[in-house]
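Right, one structure below, let's go through it.
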Amino acid sequence: MEDQFEDLFDIEGVKKKFMFVNRKAPYGTIYALEVLEAVLISAAFEQHAAIVFVDDGVYQIKKGQDTKAINMKNFSPTFKIIEMEKEDADEDPDMDMVWRIIVEKESMEARGFTPDDFVIDVEVLSSAELGAFMEEQDVILSG
Amino acid sequence: MKFGIMVNEGPFTHQASDSAYHFAKAALDKGHQVLRIFFYYDGVNNANKLSQPQADDRNLIKLWGELGKEHNLDLVVCVAAALRRGIKEEILAEGFRISGLGQLIEAGVAADRLVVFGD
């Protein structure tokens, strides 16, 4: 069945700007984990990507998560893979792929965090800056 | 215009998949193209053929299949999200296929607009 649609998907050389907006706390709903899975797959397509944390989404990358008492898998170490993908893209001059990891300033400060509280290096953008950056995106996925 | 559609909620608890269905239908009626409809998160439950809504209610699972058949649509269920929720080939409703998340990214790259329906 897949073959008949192949000509619709001529994406060779097409480069788009993807934004993944993480809005929800890491546990309580599955959205955070399943957004993360989508981000990881997107790396294989060498598209530009911005991984954004807003609202309770900033809790996803909080250091020192211990989920034993709720019997959930602590998936925060997996964000390191995103950081590695970003570093690979930054360091490889042949790779036309820009990844950015962004935390919204207002969401971070409202929860008493600083960038040192996170398991990965982040850029901090104000709500207004993030809004303007969002305008530049081609595909926005959120969870 | 070429649309990709992403459906992120199941067919009953949320209205998102109804909205997605109506959007797809309206876009097709207006002569637009729908490259692919990708079902993610609880959206994979849209493809469960064991679902039996009450007789006087809409049956979205069937409606998706009918729309797919009429317009030769590519209805793709995410394998990782599906397996977690027990959606497998043996209970997959007609017109759907199971594949990977790459199909979502591909739709995002190929479509003029990827429209997301969820909460």
Side-chain angles (χ1 to χ4, degrees), chain A residues 1-25 28-52 55-57 72-73 75 78 85 96-97 99 134-135 137-143, chain B residues 2-10 13-14 16 33-45 68-69 71-85 89 92 94-119:
Chain A
M1 188 170 178
E2 200 179 344
D3 293 348
Q4 62 175 305
F5 299 108
E6 220 164 58
D7 56 329
L8 295 176
F9 292 93
D10 185 14
I11 59 170
E12 184 73 36
V14 181
K15 190 74 67 172
K16 291 212 172 165
K17 292 177 185 157
F18 280 73
M19 179 183 273
F20 297 89
V21 187
N22 291 289
R23 301 172 299 156
K24 302 208 197 267
T29 66
I30 200 169
Y31 296 101
L33 176 65
E34 290 194 321
V35 169
L36 181 57
E37 288 178 353
V39 174
L40 295 172
I41 294 288
S42 76
F45 286 78
E46 289 199 20
Q47 301 293 310
H48 302 307
I51 297 92
V52 178
D55 300 339
D56 279 350
M72 295 272 194
K73 180 169 135 186
F75 60 90
T78 314
E85 292 284 357
D96 176 24
M97 177 172 122
W99 276 34
M134 215 174 241
E135 282 285 315
Q137 305 303 309
D138 298 311
V139 181
I140 300 179
L141 302 173
S142 71
Chain B
K2 287 189 281 184
F3 285 107
I5 294 174
M6 181 183 188
V7 181
N8 290 345
E9 296 293 348
T13 313
H14 300 261
Q33 214 178 348
V34 175
L35 295 184
R36 177 171 292 153
I37 303 180
F38 190 85
F39 297 85
Y40 197 40
Y41 306 102
D42 279 357
V44 299
N45 291 315
K69 202 169 176 186
H71 296 278
N72 192 27
L73 296 178
D74 193 16
L75 306 176
V76 180
V77 177
C78 170
V79 62
L83 285 180
R84 275 194 185 108
R85 294 164 176 87
E89 289 291 346
L92 198 65
E94 209 182 322
F96 292 87
R97 66 184 178 93
I98 296 179
S99 190
L101 264 171
Q103 303 271 302
L104 168 67
I105 306 300
E106 191 182 59
V109 178
D112 298 313
R113 293 278 188 284
L114 181 72
V115 187
V116 183
F117 292 86
D119 265 28

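To find a chain, count down the sequence lines: A is the first, B the second, and so on, and within it residues start at 1. Keep in mind that what you see is a predicted model, and the values were worked out from it rather than measured.
In this structure, Phe9(A) and Ala110(B) approach most closely via the heavy-atom pair CD2-CB, 3.6 Å.
Partners of Tyr41(B) under the ring pair (Phe, Tyr, Trp, His ring centres under 6.0 Å) rule, at least two apart in sequence or in another chain, are Tyr31(A).
The closest side-chain heavy-atom distance from Ile140(A) to Val116(B) is not below 4.5 Å. Counting only heavy atoms from C-beta outward, the side chains of Ile30(A) and Arg85(B) approach each other to under 4.5 Å. Between Met6(B) and Val139(A) there is no side-chain heavy-atom pair separated by less than 4.5 Å.
In the displayed structure, Glu94(B) atom CD is contacted under 6.0 Å by at most 12 heavy atoms of other residues, nucleotides or ligands. Counting non-hydrogen atoms of other residues, nucleotides and ligands closer than 6.0 Å to NZ of Lys69(B) gives a total of 12 or fewer. Summarising the local packing, NZ of Lys17(A) is surrounded by 12 or fewer heavy atoms from other residues, nucleotides or ligands at distances under 6.0 Å.
In this structure, chain A has heavy atoms under 4.5 Å from both the backbone and the side chain of Val109(B). Of the two parts of Leu104(B), only the side chain, counted from C-beta on, holds a non-hydrogen atom closer than 4.5 Å to a non-hydrogen atom of chain A. With a 4.5 angstrom heavy-atom cutoff, Arg113(B) does not touch chain A via any of its atoms.
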Tell me, with the steps shown, if Arg84(B) and Leu33(A) meet side-chain contact (heavy atoms from CB on, under 4.5 Å).
CA-CA 12 Å; Arg84(B) 275 194 185 108; Leu33(A) 176 65; 3.8 Å; yes
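Remark: Ile105(B) CD1 to Leu141(A) CG distance equals 6.5 Å, nearest 0.5 Å.
Of all residues spanning residues 34-42 of chain A, those with a heavy atom less than 4.5 Å away from chain B's heavy atoms are Glu34(A), Val35(A), Glu37(A), Ala38(A), Ile41(A), Ser42(A), arranged by number.
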